[in-house]
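Following: one structure in structure tokens, then a few remarks.
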Amino acid sequence: MPVTREEIARALRACVLAVSQQQLDAMAAAIPEASRVYFYARGRQMDMLGTFAMRVHHMGYRVYVVGEAAVPPIDAGDLLIFSDGRGDDAIVSVQLDIARRAGAKLCCLSAYPASPNAARSDLVVEIPAAASFDGTDALQPSGTLYDQALLLTLDYTVRCIMDAHSWQECDLSVRHTNML
């Protein structure tokens, strides 16, 4: 029987609603405490994380996306927010080594909060979509539920930060690009 949009929407809703508000609040609180906020992931996860980086920039924080041309060295007082859905990506681990040696704080977004890369982090936000990686979620291709839940969760976090500061869209729009 074909998969329906309703099934996919139900799975996504359940996943997003299962994310811990306490974990999101801790990540949101770490952003203004950091001198600079760096973002890193690989593949589709970087696409999702990149949208969050843009919004964090719109809120006025100093933001860098690892891998882009003009990224200064990470240092003490900085925050690295990274997504590693499975939590054991060796290339992500190399970036964590660099950030940790520099004295940066690490915030992991992962479906596996007890994974090696999550365990090395100061903060962990669990996106409970492990089934999308282990093959038991046959509704969508591997990792898709995680990617979708990551995007919605991070967009919600933007809203939480905006609400905490009583910011409106016009407060952020002054930092939107004018280069079209």
Side-chain angles (χ1 to χ4, degrees), residues 1-28 30-31 37-59 63 65-68 80-96 106-121 123-164 168-169 172-173 176-177 180:
M1 177 181 286
V3 173
T4 67
R5 289 179 290 175
E6 289 81 11
E7 290 173 297
I8 291 171
R10 273 195 301 275
L12 180 56
R13 181 180 193 277
C15 186
V16 169
L17 293 177
V19 175
S20 163
Q21 185 66 49
Q22 182 179 11
Q23 291 174 354
L24 292 177
D25 291 344
M27 178 177 64
I31 291 170
V37 185
Y38 289 71
F39 296 87
Y40 183 72
R42 294 183 351 107
R44 289 168 44 109
Q45 292 175 49
M46 190 62 235
D47 294 337
M48 306 306 136
L49 201 56
T51 64
F52 184 50
M54 183 187 339
R55 292 297 186 208
V56 172
H57 162 74
H58 291 159
M59 289 186 281
V63 167
V65 176
V66 177
E68 292 188 354
L80 173 63
I81 297 175
F82 69 97
S83 178
D84 185 3
R86 289 182 175 273
D88 61 358
D89 188 306
I91 296 172
V92 171
S93 183
V94 169
Q95 299 299 324
L96 301 184
L106 306 178
C107 177
C108 176
L109 301 151
S110 182
Y112 295 92
S115 66
N117 288 337
R120 300 173 57 201
S121 301
L123 302 169
V124 177
V125 176
E126 179 184 3
I127 309 295
S132 72
F133 290 106
D134 69 18
T136 58
D137 173 20
L139 294 177
Q140 299 185 77
S142 178
T144 299
L145 176 62
Y146 177 85
D147 298 337
Q148 293 165 339
L150 180 63
L151 178 63
L152 290 175
T153 298
L154 294 174
D155 278 347
Y156 169 72
T157 303
V158 168
R159 183 77 252 174
C160 291
I161 295 169
M162 289 175 65
D163 290 348
Q168 301 298 314
E169 177 59 29
L172 278 62
S173 65
H176 285 208
T177 186
L180 300 176

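Residue numbers start at 1 and run along the sequence shown.
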Could you grab the distance from atom CD of Q140 to atom CD1 of I8, nearest 0.5 Å is fine? 4.5 Å
Do other residues, nucleotides or ligands put more than 12 heavy atoms under 6.0 Å from the CD atom of Q22? no
Given side chains that start at C-beta, do those of Y40 and I91 come closer than 4.5 Å, heavy atoms only? yes
Do I31 and I81 make a side-chain contact, defined as non-hydrogen atoms from C-beta onward lying under 4.5 Å apart? yes
Looking only at heavy atoms, what is the nearest atom pair of S110 and D84, with distance? OG-O, 2.8 Å
Find out whether S20 and V125 are in side-chain contact, i.e. whether some heavy atom of one side chain is under 4.5 Å from a heavy atom of the other. no
Work out which heavy atom in A130 is nearest to a heavy atom in A111; give both atom names and the distance. N-CB, 3.8 Å
Trace of the salt bridge (charged side-chain N to carboxylate O under 4.0 Å, His left out) decision for D163 with R159: CA-CA 6 Å; D163 290 348; R159 183 77 252 174; 3.0 Å; yes
Using every non-hydrogen atom in the two residues, find where M59 and L172 come nearest and quote the distance to one decimal. CG-CD2, 3.8 Å
Stepwise side chain to side chain donor-acceptor pair (under 3.5 Å) check, R55 with T157: CA-CA 10 Å; R55 292 297 186 208; T157 303; over 6 Å; no
Side chain to side chain contact (heavy atoms under 4.5 Å, CB included) test vs L154 passes for just one of L150, L151, V158, namely L150
Interatomic distance, S142 atom OG to R86 atom CZ [nearest 0.5 angstrom]: 5.5 Å
Heavy-atom closest pair, residues V65 and A53: CG2-CB, 3.8 Å
For residues Q45 and G85, report the shortest heavy-atom separation together with the two atoms involved. OE1-N, 3.0 Å
Under a 4.5 Å cut-off applied to non-hydrogen side-chain atoms, are V37 and H57 in contact? no
How long is the span from the OG1 atom in T153 to the CD atom in Q21, to the nearest 0.5 Å? 10.0 Å
To the nearest 0.5 Å, how far apart are OG in S93 and CZ in R120? 4.0 Å
Kindly indicate whether the side chain of L123, heavy atoms from C-beta on, has any atom under 4.5 Å from the side chain of Q23. no
Spatial distance of atom CE (M54) from atom NE2 (H58) [nearest 0.5 Å]: 5.5 Å
C15 versus P128, closest heavy-atom pair with distance: SG-O, 3.5 Å
CE on M48 to OH on Y146, rounded to 0.5 Å: 11.0 Å
Residues R44, T144; criterion side-chain contact (heavy atoms from CB on, under 4.5 Å); working and verdict: CA-CA 9 Å; R44 289 168 44 109; T144 299; 3.8 Å; yes
So V56 and F39, do their side chains get closer than 4.5 Å, heavy atoms only? yes
Beyond-backbone contact of V19 with E126, side-chain heavy atoms, under 4.5 angstrom: no
